Each structure stands twice: as C-alpha cells, then as structure tokens.
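Everything quoted here is computed from the prediction, not taken from an experiment. Just so you know, these numbers use all the heavy atoms, side chains as well, and skip hydrogens, waters and symmetry mates.
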Amino acid sequence: MRIIFAGTPEAAVPTLRCLLHSSHEVVLVLTRPPARRGRGKTLSPSPVAQIASEAGVDLLETTALKAPETRERIAAARADLGVVVAYGGLVPPAVLAMPTHGWINLHFSDLPRWRGAAPVQWGIREGDLSTASCVFALEEGLDTGAIYSRAKVPIGRESAGELLASMAQAGAQQVLDVVDSLQAGTAQAQAQSEDGATHARRLTHADGYVSFTHGAAHEDRVIRSVTPNPGAFTFLPGGVRMKLDTATPVDRDDLAPGQLEVTKKQVSVGCSQGALILGKVAPAGKSWMDAAAWARGARPSDDLRLGGEAKDLQ
C-alpha cells in the first residue's frame with residue numbers, strides 16, 4: 001500500500017520505522033514544524049521529521065492541513081491509506097477522504113476511555129489499573145471511529161513517559177497488522193460505544209503541582225502522570241519552587257501533610273494519608289539531585305513544610 005504517515009513526537013517514531021521497513025511504501029510524511037527545544041530554545045525538527053529525512057521520504061512540516069497547497073501535496077501522493085500516530089492536529093474532512101482506504105489512528109487508551117490528547121497521563125492520574133492501545137478508523141469526531149484492533153496493557157508504577165514509550169513500541173506492530181489486513185481485505189472494525197467516554201485534555205504546568213494535602217497514592221499518581229512532561233513540582237517556604245521526579249508512597253501516618261523526615265539516606269514527606277519518599281529533586285536554578293543530597297545542603301528546619309494550598313501556578 002502507498003501510505004501517508006502523520007506524526008510528530010518520539011511516540012510516533014516506532015510506527016514510522018515499522019512501516020518504512022515493511023512491504024508497504026511510505027510516500028509522504030506529515031509532521032508539525034520545528035519547535036524550540038532545550039535550554040537554548042533552538043529550533044529543532046520533530047523526531048518524526050528526523051526519521052523521515054534520514055529515510056529520504058517526502059516530508060511536509062505543517063499544521064495547516066486545510067491550506068490549498070497542503071491539500072494538493074497530499075492529493076498528489078495518491079495514497080491508499082493514511083496512518084496517524086500523535087500528529088498533534090485534526091485531519092480535515094477533505095483530507096480524510098483522499099486515501100482509498102481512509103485513515104487509521106493508533107491511540108494509547110482503551111477507547112472510549114480517554115479520548116483526546118493525553119490518554120496515558122490521565123489513565124495514570126485517575127488510577128486506572130489497565131489501559132489499551134487501539135487502532136481505529138479516523139473520522140471527524142475526536143477519537144470516535146470504529147476500532148480495528150485493541151491490545152490491553154496493565155498499568156503498574158510506570159511514569160507517563162515510560163508507559164507511553166513501551167506502548168508505542170508494541171503499537172507499531174499492531175498498526176502494521178491492521179495495514180496488512182486492510183490490504184488483504186480481511187480487516188473488521190467494531191463501532192465504539194459512547195458508554196464511559198471521557199476526555200483526556202492536555203496536561204498543563206499547573207497540573208504538576210504536588211501539594212501533599214491529598215493521600216500519598218494520589219500525589220504519587222500526579223507525579224507519575226506529568227513525568228517527564230510537563231513535570232511535577234512543589235513549593236518550599238517563600239514560594240520557591242522545587243521540581244520533583246519519582247517518589248515512593250509508604251503507609252505511615254506520623255507525618256503531617258508537607259512535614260519532612262530527613263535521614264542520611266532518604267527524605268520522607270507526609271500526606272493526608274501515608275507519606276512519600278522523594279527520589280530526585282531540583283531546587284530552583286539547580287540540577288537534579290537525590291533528595292537526601294538536597295536535604296544535606298539545605299538543612300531544612302524541623303518546622304519546614306512542603307506544598308500546601310495552591311499558590312500562583314502560572
């Protein structure tokens with residue numbers, strides 16, 4: 001099959017690589033334009049753009065899929081099928097209709113649970129015990145199309161980045177299997193139910209705030225849901241921010257919310273129920289370090305409290 005591939009972040013790379021090494025032909029790659037990344041904020045092409053360039057595939061970096069010149073490029077590809085993995089924009093109806101077999105989308109949730117931009121993050125945040133990767137027929141609705149393939153995935157103690165990476169690797173073969181079945185004429189899709197449909201909006205910086213005023217299990221899920229992006233943080237006294245990486249919830253109730261217990265090897269912080277043992281932290285303007293190393297340098301007083309009621313989170 002002649003395939004148009006649309007994707008942008010690292011999570012889309014495994015599927016693109018899989019298709020490039022298959023018997024099918026990737027004739028055009030759509031991705032979002034270069035974005036500013038890193039401390040220097042230099043413009044860098046997307047991970048998908050880098051792979052497409054290395055493979056010598058025709059590349060179109062755009063967000064304007066409705067623009068006449070973009071539509072002409074897509075139509076000229078004479079594609080049999082479009083494949084989307086985390087492109088970061090909606091495909092307009094006129095473009096949806098161009099490939100002979102339409103478009104399919106790899107989505108990282110157990111649809112209709114968590115339709116939208118951040119399904120892995122919200123699955124972790126809300127305490128789902130499992131999720132799934134689904135390959136479905138793309139249509140005008142937001143992640144509403146009939147499902148060709150569903151692969152269940154348990155949710156353990158992974159961060160959102162870790163879970164997404166593993167699902168992206170496994171999902172690549174899942175997409176290829178659907179592409180093969182579409183070519184063979186054996187593909188079957190099952191309509192989605194609307195029961196239990198939820199929306200997974202993109203998480204913002206404010207969603208990474210850890211107040212320690214909830215239970216340890218909840219605060220742990222908050223941290224894992226925003227790791228590595230947009231990142232977890234809390235406040236030191238005076239409104240000074242401190243980034244948080246992984247933490248381990250423990251069952252103890254002798255620490256008040258935000259209260260620290262510092263030993264030579266670890267830092268524990270009380271929550272409304274239980275406590276969190278902090279992993280790595282990054283005080284404002286400093287690099288990541290073990291929480292115990294931070295405490296040795298900062299020498300927090302016995303009455304110091306982390307977090308508390310939400311402050312200015314912009």
Side-chain angles (χ1 to χ4, degrees), residues 10 37-39 118 120-129 154-166 203-314:
E10 192 64 39
R37 297 181 177 87
R39 290 188 175 182
V120 171
Q121 292 89 332
W122 280 101
I124 290 174
R125 195 178 187 93
E126 291 300 305
D128 292 357
L129 299 179
I155 298 179
R157 294 261 315 124
E158 307 99 327
S159 68
E162 292 167 339
L163 182 55
L164 182 58
S166 64
L203 294 177
T204 67
H205 177 72
D207 291 311
Y209 177 56
V210 180
S211 67
F212 299 102
T213 59
H214 304 89
H218 171 86
E219 303 288 18
D220 168 56
R221 294 197 305 269
V222 169
I223 294 171
R224 289 189 290 117
S225 74
V226 296
T227 301
N229 292 307
F233 68 97
T234 192
F235 285 114
L236 295 165
V240 178
R241 297 188 186 211
M242 183 166 69
K243 296 178 183 178
L244 304 174
D245 193 19
T246 56
T248 304
V250 292
D251 185 15
R252 55 179 295 186
D253 292 314
D254 57 334
L255 295 173
Q259 181 182 359
L260 273 65
E261 179 189 76
V262 177
T263 68
K264 289 183 179 180
K265 295 185 178 181
Q266 68 183 38
V267 176
S268 301
V269 186
C271 301
S272 63
Q273 291 181 322
L276 286 180
I277 299 174
L278 299 185
K280 292 185 179 299
V281 301
K286 296 185 178 181
S287 301
W288 288 101
M289 65 186 77
D290 288 336
W294 162 76
R296 285 194 296 271
R299 297 182 180 179
S301 61
D302 292 340
D303 60 351
L304 182 144
R305 296 291 186 272
L306 296 183
E309 295 302 319
K311 301 175 176 64
D312 180 11
L313 301 180
Q314 301 300 316

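- Looking at Trp288 and Lys243, their side chains come closer than 4.5 Å, going by heavy atoms from C-beta outward.
- Annotation: Glu261, atom CD; neighbour count of heavy atoms from other residues, nucleotides and ligands within 6.0 Å is above 12.
- Looking at Arg224, its side chain does come within 3.5 Å of a backbone N or O of Glu158 through a donor-acceptor pair.
- Contact record, Pro249 with Arg157: CD-NH2, 3.8 Å, taken as the closest heavy-atom pair.
- Considering all non-hydrogen atoms of both residues, Val267 and Ala291 come closest at CG2-O, 3.5 Å.
- The structure places CG of Leu244 at 9.5 Å from OG1 of Thr246, a figure rounded to the nearest 0.5 Å.
- In this structure a side-chain-to-backbone donor-acceptor pair under 3.5 Å is present from Thr234 to Gly307.
- Of the possible polar contacts, none joining the Glu219 side chain to the Val210 backbone as a donor-acceptor pair under 3.5 Å is found.
- Classification of the His214-His218 ring pair by plane angle, with boundaries at 30° and 60°, yields tilted.
- Arg125 approaches Asp207 most closely through the heavy-atom pair NH2-O, 2.8 Å.
- Atom-to-atom distance recorded for Ser268:OG and Leu278:CG is 7.5 Å, nearest 0.5 angstrom.
- In terms of the salt bridge (Lys or Arg N to Asp or Glu O under 4.0 Å) criterion, Glu10 has no residue partners (sequence neighbours excluded).
- Side-chain contact between Leu306 and Leu236 is present, with heavy atoms from C-beta onward closer than 4.5 Å.
- Shown here for Pro257 and Thr213, the closest heavy-atom pair between the two residues is CB-CA, 4.4 Å.
- The environment of CG in Asp254 is crowded: more than 12 heavy-atom neighbours from other residues, nucleotides or ligands sit within 6.0 Å.
- Atoms CZ and CD1, on Arg221 and Ile155 in that order, are 10.5 Å from each other to the nearest 0.5 Å.
- Looking at His205 and Phe233, their side chains come closer than 4.5 Å, going by heavy atoms from C-beta outward.
- The distance from atom CE of Met242 to atom CH2 of Trp294, rounded to the nearest 0.5 Å, is 4.5 Å.
- Remark: the backbone N or O of Gly274 is paired with a side-chain donor or acceptor of Asp253 at under 3.5 angstrom.
- To the nearest 0.5 Å, atom CH2 of residue Trp122 and atom CG of residue Asp128 are 11.5 Å apart.
- Nearest heavy-atom pair, Ser225 versus Ile124, reported as atom, atom and distance to 0.1 Å: N-CG2, 3.9 Å.
- Pairing each heavy atom of Ser272 with each of Gly215, the nearest pair is OG-N, 3.0 Å.
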Practice item. Determine, step by step, whether Gln259 and Arg305 satisfy the side chain to side chain contact (heavy atoms under 4.5 Å, CB included) criterion, reporting the C-alpha distance in whole Å, the side-chain angles of both residues, the deciding distance to 0.1 Å, and the verdict. Key: CA-CA 5 Å; Gln259 181 182 359; Arg305 296 291 186 272; 3.7 Å; yes

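- Taking 4.5 Å as the limit, every side-chain heavy atom of Pro230 sits out of range of all side-chain heavy atoms of Thr204.
- Rounding to the nearest 0.5 angstrom, the gap separating the CG atom in Leu164 from the CD atom in Gln121 is 6.5 Å.
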